[in-house]
Amino acid sequence: MCSHRILPFVTLGLMISGLFISTSCNEVVEHTAPAVNPKDSASMMVSYGVNTLISDSGIMRYRIVSEVWEVNQVRNPSRWIFEKGLFLEQFDEKFHIEAYIQSDTAYYYDQKKLWELRGRVRVRTKDGLRFTSEELFWDQLRHEFYSNRFSHVITPEREMQGSYFRSDERMTRYMVSNSKGSFVRGNDGMGTNEGDTILSAPDSVKSMKRQPNTPKAKTTYLAE
């Protein structure tokens with residue numbers, strides 16, 4: 001008699017369970033994570049402990065040394081990424097070193113042939129020029145360097161610093177504007193006030209000699 005009373009409840013329980021199962025099968029399962037954005041895609045190449053030569057028009061022009069080198073063709077624009085720093089040597093046609101370039105972070109936009117150097121940027125050329133800044137762009141299509149950040153330039157003849165820098169690719173002709181250095185007025189009429197624009201061509205400028213510091217300026221230069 002008890003079995004007849006329990007049977008309807010068991011049948012009812014099975015019907016309710018079947019209803020929940022059929023309902024759950026009809027529900028749309030949501031994604032557990034958003035769709036991957038193309039800009040977030042991984043780099044197509046990641047190399048560690050890089051020490052390699054790079055050619056330009058079939059001629060070895062550069063040596064790249066870096067802890068990590070990423071190549072990402074998905075980002076727009078596509079780029080090489082050196083998040084852990086970059087050391088670069090620049091060669092001439094005869095494989096002689098023309099310059100050393102170093103920075104904390106670097107990006108190379110291959111389609112634009114543009115280098116963007118960030119952090120502690122250091123450049124030294126075979127002629128003894130030393131450049132320091134926190135930013136430097138190298139446009140290989142226009143064959144020039146430029147920076148919109150405070151830059152410090154030291155050569156065997158002079159020392160300059162200012163908020164804007166531009167030069168040719170070999171850093172033999174360059175410009176520093178809004179300079180904070182002090183220069184004595186010469187026969188050519190070049191001024192000495194802060195804000196002057198200074199053009200330099202090492203093969204044509206006069207020899208300069210550093211004099212002791214004065215209260216009004218950190219560095220004073222006199223023509224011999």
Side-chain angles (χ1 to χ4, degrees), residues 31-92 95-154 160-172 174-178:
H31 295 290
T32 58
V36 177
N37 191 313
K39 293 184 178 180
D40 298 330
S41 298
S43 300
M44 64 173 293
M45 185 195 80
V46 181
S47 299
Y48 299 91
V50 177
N51 187 343
T52 185
L53 296 173
I54 304 295
S55 64
D56 185 5
S57 301
I59 302 175
M60 291 298 175
R61 291 289 192 181
Y62 316 104
R63 180 193 300 276
I64 289 178
V65 180
S66 180
E67 184 178 342
V68 182
W69 176 17
E70 299 181 42
V71 177
N72 193 309
Q73 299 293 333
V74 179
R75 292 190 182 184
N76 186 22
S78 59
R79 66 198 68 182
W80 300 354
I81 305 171
F82 302 89
E83 290 285 357
K84 299 294 185 179
L86 172 72
F87 178 80
L88 185 146
E89 291 179 335
Q90 183 182 5
F91 305 112
D92 61 12
F95 211 63
H96 297 148
I97 297 176
E98 288 194 325
Y100 300 97
I101 301 174
Q102 185 176 4
S103 67
D104 290 339
T105 305
Y107 305 94
Y108 176 67
Y109 305 99
D110 51 341
Q111 296 179 354
K112 298 181 178 180
K113 289 191 174 184
L114 176 67
W115 284 93
E116 179 183 350
L117 308 173
R118 297 286 182 180
R120 291 172 295 180
V121 182
R122 305 287 185 268
V123 180
R124 185 164 187 172
T125 70
K126 65 178 182 179
D127 297 322
L129 179 144
R130 288 180 290 169
F131 169 90
T132 58
S133 182
E134 294 183 357
E135 168 197 271
L136 182 64
F137 292 91
W138 179 8
D139 191 331
Q140 293 182 313
L141 293 179
R142 296 184 177 181
H143 303 287
E144 65 179 11
F145 290 98
Y146 62 90
S147 176
N148 296 307
R149 302 288 294 274
F150 175 80
S151 301
H152 190 187
V153 180
I154 301 176
M160 294 170 288
Q161 52 189 2
S163 60
Y164 178 77
F165 172 82
R166 183 179 294 273
S167 80
D168 63 349
E169 203 166 37
R170 294 186 175 184
M171 286 197 173
T172 55
Y174 47 88
M175 176 180 71
V176 180
S177 65
N178 297 327

N/O donor to acceptor pairs below 3.5 angstrom from side-chain atoms of residues 79-88, sequence neighbours left out:
from, atom 1, to, atom 2, distance (Å)
Arg79, NE, Pro77, O, 3.1
Arg79, NH2, Pro77, O, 3.1
Glu83, OE2, Tyr107, OH, 3.2

Inset, instruction - I would like to know whether Glu144 and Asp168 meet side chain to side chain contact (heavy atoms under 4.5 Å, CB included); could you show each step before the answer? - result: CA-CA 4 Å; Glu144 65 179 11; Asp168 63 349; 5.8 Å; no

Legend entry - Check against side chain to side chain contact (heavy atoms under 4.5 Å, CB included), Ile97 and Phe91: CA-CA 4 Å; Ile97 297 176; Phe91 305 112; 3.6 Å; yes

Legend entry - Arg122/Tyr100 under side chain to side chain contact (heavy atoms under 4.5 Å, CB included): CA gap, chis, key distance, verdict: CA-CA 8 Å; Arg122 305 287 185 268; Tyr100 300 97; over 6 Å; no

Inset, instruction - Before giving the answer on side chain to side chain contact (heavy atoms under 4.5 Å, CB included), spell out for Met160 and Phe165 the whole-Å C-alpha distance, their side-chain angles and the decisive distance to 0.1 Å. - result: CA-CA 10 Å; Met160 294 170 288; Phe165 172 82; over 6 Å; no

Inset, instruction - Begin with the C-alpha distance, continue with both residues' side-chain angles, and end with the deciding distance and a verdict on ring-ring contact (aromatic ring centres under 6.0 Å, His included) for Phe131 and Phe145. - result: CA-CA 11 Å; Phe131 169 90; Phe145 290 98; 7.9 Å; no

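Here Arg118 pairs with Glu116, Glu135 under the side chain to side chain donor-acceptor pair (under 3.5 Å) rule; sequence neighbours left out.
By the 6.0 Å contact criterion, OH on Tyr146 is enclosed, its count of non-hydrogen atoms from other residues, nucleotides or ligands being greater than 12. Shown here is Phe95, whose CZ atom has more than 12 heavy atoms of other residues, nucleotides or ligands within 6.0 Å.
Counting only heavy atoms from C-beta outward, the side chains of Asn51 and Arg63 approach each other to under 4.5 Å. Contact check for Tyr62 versus Leu53: no side-chain heavy atoms found under the 4.5 Å cut-off. Residues Gln73 and Asp110 have side chains in contact (heavy-atom distance under 4.5 Å, counting atoms from C-beta outward). Residues Lys113 and Trp138 form no side-chain contact, since every pair of their non-hydrogen atoms from C-beta on lies 4.5 Å or further apart.
Contact detail for Thr125 and Arg170: the closest heavy-atom pair is CG2-O, 4.2 Å. Of all heavy-atom pairs spanning Ala106 and Leu117, the tightest one is CB-CD2, 3.7 Å. The two residues Phe150 and Ser133 make their nearest non-hydrogen contact at O-OG, 2.9 Å.
The aromatic rings of Tyr108 and Trp115 lie tilted to each other, with the angle between the two planes from 30° to 60°.
Judged purely by atom type and a 3.5 angstrom limit, Thr105 has no side-chain atom pairing as donor or acceptor with the backbone of Ser103.
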